[in-house]
Amino acid sequence: MNHQKLTTLLLTMSLSALSLAGCGTSAEQPSADPPSTAVSAEAAVTETTSEPAVPQTTPDTQEKSPAYPLPTAAEDAGIYVEPIPDISDDFICGMDVSSVLAEEKSGVKYYSADGKEQDVFTTMAEAGVNYARIRIWNDPYDENGNGYGGGNNDLATAIALGKRATDNGMKVCIDFHYSDFWADPAKQMCPKAWSDLSLEEKTDALYDFTKESLTQLLENGVDVRMVQVGNETNNGMAGETQIPSIAQLMNAGSKAIREVSKNYGKEIKVALHYTNASDYDGLDSILYKLSSFQVDYDIFALSYYPYWHGTFENLQNVMANIQNKYGKETLIAETAYCYTTEDTDGSGNSVSEADLIDAYGATVQSQSTALRDVCAAANESGALGVFYWEGAWIAVGDVTADNSPIWEEFGSGWASSYAAGYDPKDAGQYYGGCSWDNQALFDAHGKPLESLNTYKWLKHGTNAEPAIDMVTAQTITCNIDAELTLPDTVDVVYNNRALNTALPVEWYEEQVKNIDTSKGGTYEICGKILDENATSDNPTEAHCTIQVEQLNYVVNPSFEDADSSMWQVSYAGDHNPTDFQQKEPDAHTGEYAFHFWSESDMDFTIEQEFTDLAPGTYTLKAYFQGGDIDESAEMELFASVDDTVSSAPFTAQGYANWQEPVIPSITVTDGTLTVGLRIKCNAKGWGTIDDFTLNKID
C-alpha cells in the first residue's frame, strides 16, 4: 500500500476510534479532570500526509546527559537497597507505562515524592527510570468505537505517551503485539483487519503497519531506541502458530524497523519477546528454530516474574545460553512484585498471598528488594537491563464503589465488556478493573512508593536503619491427643538481608489456650517478637498455623516423591519384579504406586524402618489391588517390633478393587519399628500397592 495512503488511514482509524471511545472530543468527560500535564493522544500526533523526507539530523551516536542526575553516593532512605557497584551506567532501568493515559482520563492523579501533583513521567524520571516501554495494538475498538480496555493502546496513544517519556529524558521501547488486544502465550489473535488475509498478504500488512507506525512515532519526536516484534510469542504471533509462518512475519517486522532506522540515521534495536523463563530446554528449542529460519533480531527478551518463573540461577543459565550459544543480547522485558496483598480497586489481583515466595513478603521493602535482585541477576549475566511492568497502573475510583463505568468508558481496567466480540473466551467472561494495582510502584492514591526509587539507588544503595521487613510464618502439625510444642524462635527477615536471624517469640497465651488437641482442626495464633534492639514500642508479630490431625509417620507413603530411598525393596532371584510406576489409573491416590509383574514366580518385600517413634500404640494399613494371582499366593501387611511380627493377610480381588489390610494394634517401646508388605506369588501375577498409613492411637 502507498505510504501516504496508509499513513492517513492509520491515523484516521486511530483518532476516530479514540474519539468514539470517550477520548478528546467525546461529549462524555471523565468525572475528574486529568492532571494538566497529561497530553491527549490526538494533540500528540503530527499528521504526515506525504512520504517523510529523510530528516536532516545527525545519527544519535552521542548520548544526552541524563535529565535527572543519579546519586553519586548512598542516600538516606526509609528502605534498604543493597548496592550493585559494577552496574553499567547504560543499564536499562525501564518501566512499562502503557496504561498511564487511560488512568489519567479516568481521573487518576499522580504525585511527586513530596505530595505535589506532577506529571508521572517526571516522577518516574526523578526516580531513575530511563526507558519507557509502550505497547501498541492495531485496532483495540469495537465497530462502534468502544475501547477494549487495558489502556486502549493504539498508535495515537503510544505517540502521546512516547512524547511525554522523551520530554523527560527517557528512551522508548515500542511493543507491537500485532493483535487488537492482549497477546501472550495463551492467545495470539490476528487483528480484525488481517483476519481474511493470506500469509503473504498478512506479511505485507505487518510490514506496512510496523513501518508507518514507527515513522509516525519518530516524526512526532518520540525517541524510539528499541522495538519488539511481538509480545510473549512462545506459541504464535498474529494468529499464526507454525514456526515458518511466524518467522516470516517476524522478518517482515524486522525489515520495516531496519529500513526506518536507516532512513532516520537512528540506531533502533529489534527485540523478540518470550516468557516461561524457567523452561531452559523450551527456550533453547525456540532459539534454535529462530536461528534455523534466519530471523533477524538483536535482543532475545524475557518475561521474568519471581513468583512464576523459577530461580535466579536458572534465569542466568538461560541468559548465558542465549548470549553464548546464539550470540544475542538479553533483556528482562517484564518483571514485578507486590507491595501488598490487599485489593485496592475491587477487581481482584493476579498475585495473592498464595503466590509469595520465601525470599520476599508483601511489603514495599520486599518489592524493592525483589526488583533490585532481578536487576543484580540481569547485570551479572550481562543483560541490557530490566523493565518493570506497569508500575503506574493503579486503582481508579473508590475501592468500595462500583468502578465499572469508569473502566468501561476510559479503558483503565484490564478489559472492558466491549472486548467480548474480539476475545469472547477470556475478556468476554472476566472483564473488569486492574488486577495489577497491588504490584504498582505507586499507592492507590497516586503517591509514589519508596520502591519506585530502587532504580535510582542501584549503584550506590541506601543508608537505612535496620528494620524487620517480615517474619517467616510458621506451620506446626500436631497429632491428635499429643502435647503441643510451639517454636521458641522464628526466622526474621530484615530490610538488609545480611542481618537475617532467628529471634525468640512469645505466643499470646489466650490464643494458645483455645487450641483443642483432642480433635482435628486448624488454628491461627500470633505472638510478639522479643527483639532487644527494637526501637518501637509496638512489637513485631509472628504468626503460626497449627494443624491438629492424625499424623501419618510413614515417609513418602504414596510414592509421589522422587526420592524413594526410605523404602527398602528385597527380592528372591536375579530379577526385580517391582518398580515405582507413574500411572494414575493404577494408583489409589496421586499418580504413583508400587507396582509388580514378572514372567517368573515372585517373592519380594517392601519395607520402611523407624528408630525414633514415640512409645505408644500404633495402627498400620495399606491399599492393594491386583489380579491373575493363584490362591496359593502368600501376601501380607506386616509390622515388626524387636522379635515380634504382626501381620494382616490379604488376597487379590481384581483391577481397581482395592483391598485395605489393617494391623490395628502395634506396641512400640523403644522407638524402633519396621513396617512393610510381602508378596510371594506366581508368574504373571500383577498388582499395585499404595498409601501406607501408620497412626499413633495411644
For Asn168 and Thr122: C-alpha separation, side-chain torsions, deciding distance, then whether side chain to side chain donor-acceptor pair (under 3.5 Å) applies. CA-CA 6 Å; Asn168 281 277; Thr122 301; 2.8 Å; yes

[X] versus [Y], closest heavy-atom pair with distance:
{"X": "Thr275", "Y": "Ser303", "answer": "OG1-CB, 3.4 Å"}
{"X": "Phe387", "Y": "Leu331", "answer": "CE1-CD2, 3.9 Å"}
{"X": "Pro448", "Y": "Thr123", "answer": "CG-CG2, 4.0 Å"}
{"X": "Trp194", "Y": "Tyr178", "answer": "CH2-CD2, 4.0 Å"}
{"X": "Val120", "Y": "Ala392", "answer": "CG2-CB, 4.3 Å"}
{"X": "Ile79", "Y": "Thr462", "answer": "O-OG1, 2.8 Å"}

Lys/Arg-Asp/Glu bridge criterion (N-O < 4.0 Å) met for [X], [Y]:
{"X": "Lys456", "Y": "Glu126", "answer": "no"}
{"X": "Arg135", "Y": "Glu390", "answer": "yes"}
{"X": "Lys269", "Y": "Glu329", "answer": "yes"}

With side chains defined as the heavy atoms from C-beta onward, is the minimum distance between [X] and [Y] less than 4.5 Å?
{"X": "Lys325", "Y": "Ile322", "answer": "no"}
{"X": "Arg372", "Y": "Glu82", "answer": "yes"}
{"X": "Ser368", "Y": "Val81", "answer": "yes"}
{"X": "Leu384", "Y": "Asp90", "answer": "no"}
{"X": "Cys338", "Y": "Gln367", "answer": "no"}
{"X": "Phe121", "Y": "Asp167", "answer": "no"}
{"X": "Asn130", "Y": "Tyr455", "answer": "no"}
{"X": "His177", "Y": "Asn153", "answer": "no"}

I'd like to know if the side chain of [X] pairs up with that of [Y] as donor and acceptor (distance under 3.5 Å, no hydrogens or angles considered).
{"X": "Tyr360", "Y": "Asp373", "value": "yes"}
{"X": "Asp154", "Y": "Thr157", "value": "yes"}
{"X": "Thr203", "Y": "Gln248", "value": "yes"}
{"X": "Ser278", "Y": "Asn314", "value": "no"}

Asp223: which of Lys171, Lys266, Lys163 passes salt bridge (charged side-chain N to carboxylate O under 4.0 Å, His left out):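 The single option meeting the salt bridge (charged side-chain N to carboxylate O under 4.0 Å, His left out) with Asp223 is Lys266.
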
Do the side chain of [X] and the main chain of [Y] share a donor and acceptor less than 3.5 angstrom apart?
{"X": "Asn438", "Y": "Val351", "value": "yes"}
{"X": "Glu267", "Y": "Arg225", "value": "no"}
{"X": "Asn231", "Y": "Trp182", "value": "no"}
{"X": "His309", "Y": "Ala277", "value": "no"}
{"X": "Arg164", "Y": "Asp119", "value": "no"}
{"X": "Thr233", "Y": "Gly230", "value": "no"}
{"X": "Ser179", "Y": "Ala183", "value": "no"}
{"X": "Thr166", "Y": "Gly162", "value": "yes"}
{"X": "Ser213", "Y": "Phe209", "value": "yes"}
{"X": "Asp175", "Y": "Asp96", "value": "no"}

Let me see the working for Ser347 and Asp345 under side chain to side chain donor-acceptor pair (under 3.5 Å), right down to the final yes or no. CA-CA 6 Å; Ser347 189; Asp345 75 343; 4.8 Å; no

With rounding to the nearest 0.5 Å, note down the distance linking [atom1] in [X] to [atom2] in [Y].
{"X": "Asn379", "Y": "Ile332", "atom1": "CG", "atom2": "CD1", "answer": "12.0 Å"}
{"X": "Lys328", "Y": "Asn321", "atom1": "NZ", "atom2": "CG", "answer": "14.0 Å"}
{"X": "Gln216", "Y": "Lys211", "atom1": "CD", "atom2": "NZ", "answer": "13.0 Å"}
{"X": "Met237", "Y": "Asn235", "atom1": "CE", "atom2": "CG", "answer": "13.5 Å"}
{"X": "Trp393", "Y": "Asp437", "atom1": "CH2", "atom2": "CG", "answer": "9.5 Å"}
{"X": "Glu103", "Y": "Ile406", "atom1": "CD", "atom2": "CD1", "answer": "10.5 Å"}

Tell me whether the count of non-hydrogen atoms from other residues, nucleotides or ligands lying under 6.0 Å of NZ in Lys447 goes above 12.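 No, not enclosed.
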
Tyr326 atom OH, over 12 foreign heavy atoms within 6.0 Å: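 More than 12 heavy atoms, drawn from other residues, nucleotides or ligands, come within 6.0 Å of this atom.
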
Assess whether ring pair (Phe, Tyr, Trp, His ring centres under 6.0 Å) is satisfied between Tyr148 and Tyr141, documenting all intermediate values. CA-CA 6 Å; Tyr148 290 162; Tyr141 304 95; 7.3 Å; no

Take Ile268 and Leu218 through the side-chain contact (heavy atoms from CB on, under 4.5 Å) test and state the conclusion after the steps. CA-CA 11 Å; Ile268 302 175; Leu218 296 178; 4.2 Å; yes

For Tyr304 and Phe312, take the angle between the two ring planes, folded into 0 to 90°, and tell me which bin it lands in: parallel under 30, tilted 30 to 60, perpendicular over 60.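 Plane angle between 30° and 60°, so tilted.
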
What class does the angle between the rings of Tyr337 and Tyr307 fall in, given that below 30° is parallel, 30 to 60° is tilted and above 60° is perpendicular?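 The rings of Tyr337 and Tyr307 sit tilted, inter-plane angle from 30° to 60°.
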
Could you please spell out the steps behind the side-chain contact (heavy atoms from CB on, under 4.5 Å) verdict for Ile246 and Gln188? CA-CA 11 Å; Ile246 297 168; Gln188 291 281 337; over 6 Å; no

Walk me through whether Tyr207 and Glu212 qualify under side-chain contact (heavy atoms from CB on, under 4.5 Å). CA-CA 9 Å; Tyr207 166 85; Glu212 294 300 331; over 6 Å; no

I'd like to know whether Arg133 forms a salt bridge (charged side-chain N to carboxylate O under 4.0 Å, His left out) with Glu334, so could you lay out the CA-CA distance, the side-chain angles of the two residues, the decisive distance to 0.1 Å, and finally the verdict. CA-CA 10 Å; Arg133 181 174 181 259; Glu334 295 182 16; 3.3 Å; yes

Met226 and Tyr131: CA distance, side-chain angles, deciding distance, side-chain contact (heavy atoms from CB on, under 4.5 Å) verdict: CA-CA 10 Å; Met226 185 190 306; Tyr131 226 118; 3.6 Å; yes

Ring centroid separation for Trp436 and Trp414, is it under 6.0 angstrom?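 No.
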
Between Gln365 and Tyr80, does a side chain to side chain donor-acceptor pair (under 3.5 Å) hold up when you go through it step by step? CA-CA 7 Å; Gln365 175 65 65; Tyr80 177 78; over 6 Å; no

